[in-house]
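Read through the structure below, which is laid out as structure tokens, and then see the notes.
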Amino acid sequence: MYKIIKMKKEDIPELIGLWQNQYTKYCDSTVVPNFLSGGEKSIMMYLENQIDNGNAIVSKKGDDIIGYIAWTYFDFHSERSAFCPIIGHAAIEEDRRTIYHELYNYAAQIWVDDNRFNHLLMIYNDDHALKDMLYDIGFGSHVIDAYTNTQRSVSEISSKYKISAAYSDAEMLLELIKESVGFYIGSPIFLKRSVYELNDVIEMIKNDNLFVVWDNNTPIGIMNLSVQTGYNIENLTSPNTGLISKAGAYIKPEYRGMGIGKCLLNEVMKRCAEKNIQYLHVCFETANPFANIFWRKHFRPIILSVRRTVNKDVNIAKKL
């Protein structure tokens, strides 16, 4: 229905305008940091790079650009993958399902011809037309990027527990983090996370951004805060955005459902207030049942990463 051609660098200003319209519609400015104020350069650089790499196309109706997609390649958990970040695509509202369908069909053939069977896209969680289209052709939810405004209180901790982290605790905290890695690699998440060493834990304590709940002398929960220093083209965070990242958050199974997570989050909120950090971001796997319940209570899902694995024998079949 529409003409799909290679993206040109002279298209970029029009494409950024198209993306900004989409961003404004689907991002709630009360909980999301303002990426538009300084993120335009990051979008421009990304599109220029993908044009140079031959990884960018536009959809046109007559002389008008009505949509685009620009992707990159990498190995995702040892799988050859094609990935399109949230800034790497946009389309007009009218007939957006069809526009996206044709853009993906065109790009997916390029990916599969290159033996890239793992397809990853980041979309807005409330873009239901695009979400429904992608789900219909075999994509499934994978990761949520969610946000909150830090100017609120969540929950105070019971006097039974304390929150602290000292250098002398590093070895015990490392064991708790290793336990969390084991939790993520099991069913139903099946996620291989980073391996942490003692020096990593010491660095977190040194930076005063590791929050630990103790039951007497036993660490029972952790939450790790870091701060974004630049503009991130994947999660749309801007400088001085708080991130629940690196070690993330983990509560020992026997202590879940007791308000420990809320108490940790409240301490993180307090620290953000002290550092004048207005927004807080978290990324979690949708296959994690505990994260799905907890983070959705306190954060608003904004970006949804979806994933499709194409049948790996398709190129073999072509040769028969």
Side-chain angles (χ1 to χ4, degrees), residues 28 30-33 122 124-126 140-158 160-165 173 176-194 196 204 209-215 218-228 235-237 241-273 277-306:
D28 184 345
T30 63
V31 297
V32 179
M122 300 181 79
Y124 293 109
N125 188 66
D126 292 340
S141 63
H142 179 55
V143 171
I144 288 283
D145 285 271
Y147 307 76
T148 190
N149 192 300
T150 61
Q151 309 304 306
R152 64 190 185 88
S153 177
V154 179
S155 178
E156 296 293 338
I157 192 165
S158 165
K160 179 181 177 181
Y161 306 110
K162 65 176 182 177
I163 295 182
S164 65
L173 299 181
L176 184 60
I177 292 173
K178 286 181 177 179
E179 180 182 319
S180 75
V181 171
F183 165 74
Y184 279 95
I185 207 168
S187 181
I189 308 172
F190 301 117
L191 175 68
K192 182 181 178 182
R193 301 192 80 192
S194 300
Y196 290 89
M204 293 178 202
N209 62 3
L210 185 63
F211 300 83
V212 185
V213 175
W214 298 80
D215 185 0
T218 301
I220 60 175
I222 57 170
M223 193 169 288
N224 185 202
L225 171 69
S226 61
V227 181
Q228 178 72 31
N235 60 31
L236 299 184
T237 50
T241 301
L243 311 171
I244 305 295
S245 63
K246 294 186 179 179
Y250 178 72
I251 311 295
K252 292 179 76 69
E254 60 269 33
Y255 288 91
R256 291 173 189 161
M258 300 170 61
I260 302 299
K262 289 191 292 184
C263 293
L264 281 166
L265 181 57
N266 197 55
E267 291 300 309
V268 169
M269 293 284 203
K270 287 180 181 178
R271 181 62 52 80
C272 287
I277 297 170
Q278 186 176 355
Y279 301 100
L280 187 61
H281 163 272
V282 68
C283 175
F284 61 91
E285 291 73 27
T286 56
N288 184 341
F290 303 104
N292 251 326
I293 294 172
F294 179 78
W295 296 119
R296 288 176 185 271
K297 281 183 180 178
H298 305 289
F299 288 64
R300 179 171 173 181
I302 298 294
I303 300 172
L304 169 65
S305 293
V306 294

Listing, residues 298-306 side-chain donor-acceptor contacts under 3.5 Å, not counting sequence neighbours, or none:
| residue | atom | partner | partner atom | Å |
| --- | --- | --- | --- | --- |
| Arg300 | NH1 | Asp28 | OD2 | 2.5 |
| Arg300 | NH2 | Asp126 | OD2 | 3.0 |

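Distance alone, capped at 3.5 Å, is enough to place a donor-acceptor pair between the Asn224 side chain and the Asn209 backbone. Asn292 places a side-chain N or O within donor-acceptor distance of the main-chain N or O of Thr286, the cut-off being under 3.5 Å.
Rounded to the nearest 0.5 angstrom, Arg296 CZ and Phe284 CZ are separated by 5.0 Å. For the atom pair Asn149 CG and Leu280 CG, the distance stands at 10.0 Å (nearest 0.5 Å). Atoms CD1 and OG1, from Ile277 and Thr241 in turn, are 8.5 Å apart once rounded to the nearest 0.5 Å. In this structure, Met269 CE and Lys262 NZ are separated by 12.5 Å, a value rounded to the nearest 0.5 Å. With rounding to the nearest 0.5 Å, the separation of CZ in Arg193 from CD1 in Ile185 is 11.5 Å. Taken from OG1 in Thr150 to CG in Asn266, the straight-line distance is 11.5 Å, to the nearest 0.5 Å.
Looking at heavy atoms from C-beta onward, Val213 lies out of side-chain contact with Tyr255 at the 4.5 angstrom threshold.
Using cut-offs of 30° and 60° on the angle between ring planes, the pair Phe290 and Phe183 is tilted.
The side-chain hydrogen bond (donor to acceptor under 3.5 Å, both in side chains) check on Lys252 picks up Glu179, with sequence neighbours excluded. Partners of Arg256 under the side-chain hydrogen bond (donor to acceptor under 3.5 Å, both in side chains) rule, at least two apart in sequence or in another chain, do not exist in this structure.
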